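Have a look at the structure below before the remarks.
Computed over heavy atoms, backbone and side chain alike; hydrogens, waters and symmetry mates excluded. Note that the structure is a prediction, hence the values are computed from the model and not measured.
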Amino acid sequence: MFSHPADFNDPFDRPRVPRSQYKFTYQSLLNDETMTPERQAQDADEAWGRCAVTSFTRTPDNALMWAHYADKHQGAVIEIDADESGLTDRSFLIPAQFGSVIYMKRPVPDGPKVKGLSAMLSKAITSGDGRFDIDNYAGLQRLFLMKGLSWGYEEEVRVVSQAFRYSWLDNGEDMGGYWKRISKADGKQGYGWRFKLSAIKKVFIGLRFGEIGRLQALSENIGFGIMCPDTTQRNDYEVHFKEYSSSEISR
């Protein structure tokens, strides 16, 4: 599921362009509005905020992740092959192989100019190109891939899709059926990315997972493995997994 940054659970985790990129005030020819440097930067923030972002983790066994994101261990973690799912395709603004989040104690200072960022902003907003360009990677990292050090336990990897490349406001599907517009429970809009079910390699279930019968049937049909909590290991406070056996967990 891809979401707009404005809908993230952390309101500080949104694209914010370096203010040093905007130095001059000008008068808009469209509505005679005074465009101060800060107003120009805010408009750029809003434009990048219309991108769609999805997040993954490198680790299925972090106890904090299970408590925060898996409904108190009632959920599951799905292991996906990034290549087979198409998430490494360079039609994304940031494909998975370039989406590792950088965790920092403090943001990068706003003074030094990020090479190519102004050109990247201009190109993406006016042309709607939206494909990954390695020359723009430093700017993309600054916009989408930097978070506070306290979030480091997530080991997050992101995939970003440029808003201008797709018609996000269309009802139904776009791009040959790859995308589907989805209304979430909170009323916000999300965007589903279709991929082959064979890209699912494993499913790690929580200790309180309640749909094991249905999951077993899907496993047999699709061919993925099921991993369940290993409750015999009590040497630490970590979450451990082993291959699921129907005789071990009764639901």
Side-chain angles (χ1 to χ4, degrees), residues 1-8 10 13-18 20-21 41 43-58 78-104 107-108 112-147 151-152 154-170 173-182 189-196 198-201:
M1 172 78 76
F2 286 73
S3 301
H4 295 304
D7 298 332
F8 289 171
D10 181 3
D13 187 14
R14 299 174 64 173
R16 188 176 189 275
V17 302
S20 59
Q21 305 296 303
D43 286 351
D45 290 343
E46 182 181 350
W48 285 110
R50 291 198 293 271
C51 290
V53 182
T54 190
S55 297
F56 301 90
T57 179
R58 294 185 182 279
I78 302 173
E79 181 181 293
I80 298 174
D81 186 299
D83 289 323
E84 196 170 346
S85 65
L87 293 170
T88 58
D89 194 291
R90 294 202 179 199
S91 62
F92 285 105
L93 185 65
I94 303 178
Q97 67 271 36
F98 293 98
S100 295
V101 169
I102 302 168
Y103 299 98
M104 310 175 70
V108 174
K113 182 176 180 180
V114 179
K115 183 179 179 181
L117 182 56
S118 293
M120 177 186 68
L121 288 167
S122 177
K123 175 184 176 184
I125 293 174
T126 58
S127 71
D129 186 3
R131 297 179 62 86
F132 178 74
D133 186 341
I134 192 65
D135 291 337
N136 297 328
Y137 191 38
L140 292 171
Q141 283 183 314
R142 178 153 183 167
L143 287 169
F144 292 104
L145 302 179
M146 291 184 176
K147 294 182 69 172
W151 294 99
E154 293 182 333
E155 296 187 44
E156 185 178 354
V157 175
R158 289 181 171 178
V159 178
V160 181
S161 184
Q162 173 62 283
F164 305 99
R165 188 172 175 82
Y166 305 108
S167 300
W168 293 127
L169 298 181
D170 289 351
E173 298 177 7
D174 192 20
M175 290 295 292
Y178 285 111
W179 294 96
K180 184 175 180 64
R181 185 171 180 258
I182 299 171
Q189 296 300 319
Y191 308 95
W193 169 258
R194 291 182 181 272
F195 58 84
K196 295 179 181 179
S198 59
I200 299 175
K201 301 306 178 184

- Message: As a test of understanding, state which of Lys180, His4, Arg181 forms a side-chain hydrogen bond (donor to acceptor under 3.5 Å, both in side chains) with Tyr191.
- Response: His4

- Between atom CG of Leu145 and atom CE of Met104, what is the distance when rounded to the nearest 0.5 Å? 12.0 Å

- Message: Within the structure provided, determine whether Glu84 and Lys201 are in side-chain contact (heavy-atom separation under 4.5 Å).
- Response: yes

- Query: Out of curiosity, Lys147 NZ to Ser55 OG, how far, rounded to the nearest 0.5 Å?
  - Reply: 6.5 Å

- Would you please test Thr54 and Arg158 for side chain to side chain contact (heavy atoms under 4.5 Å, CB included) and show each step? CA-CA 6 Å; Thr54 190; Arg158 289 181 171 178; over 6 Å; no

- Taking all atoms of both residues into account, what is the closest heavy-atom pair of Met1 and Gly190, and its distance? SD-CA, 3.5 Å

- Task: Please confirm whether the backbone N or O of Val157 pairs with a side-chain atom of Arg58, one donor and one acceptor, at under 3.5 Å?
- Result: no

- Reported CG-to-CG distance for the pair Asp89 and Asp83, which is rounded to 0.5 angstrom: 10.5 Å

- Note on the structure: Between the CG atom in Leu143 and the CZ atom in Arg16, the distance rounded to the nearest 0.5 Å is 11.5 Å

- Item | Atom of Gly86, atom of Phe92 and distance for their closest heavy-atom approach | O-CE1, 3.4 Å

- So, for Phe98 and Phe132, is the gap between ring centers shorter than 6.0 Å? yes

- Verify, without hydrogens or angle tests, whether Gln97 (side chain) and Thr88 (backbone) share a donor-acceptor contact under 3.5 angstrom. yes

- Item | Side chain proximity check, Phe2 to Val53, heavy atoms < 4.5 angstrom | no

- Is the closest side-chain donor-acceptor distance between Thr57 and Glu154 under 3.5 Å? no

- Note on the structure: Taken to the nearest 0.5 Å, the spacing of Met146 CE from Leu140 CG works out to 11.0 Å

- If every non-hydrogen atom of Pro15 is compared with every non-hydrogen atom of Pro5, which pair is closest and at what distance? CD-CB, 3.5 Å

- Start with the C-alpha gap between Ile200 and Phe195, add the side-chain angles, then the distance that decides, and say whether side chain to side chain contact (heavy atoms under 4.5 Å, CB included) holds. CA-CA 9 Å; Ile200 299 175; Phe195 58 84; 4.1 Å; yes

- Item | Least distance between heavy atoms, Phe8 atom then Asp13 atom | CD1-O, 2.9 Å

- Quick one: does Ser161's side chain have a donor or acceptor within less than 3.5 Å of a partner on Ala52's backbone? no

- Task: Evaluate the criterion side chain to side chain contact (heavy atoms under 4.5 Å, CB included) for residue pair Val101 and Phe144; output intermediate values, then yes/no.
- Result: CA-CA 8 Å; Val101 169; Phe144 292 104; over 6 Å; no

- Looking at Asp81 and Lys196, does any basic side-chain N land under 4.0 Å from a carboxylate oxygen? no

- Item | Test item: Leu87 and Phe56 side chains (from C-beta on) under 4.5 Å apart, heavy atoms | yes

- Nearest heavy-atom approach of Val17 to Asp45 is N-OD1, 2.8 Å

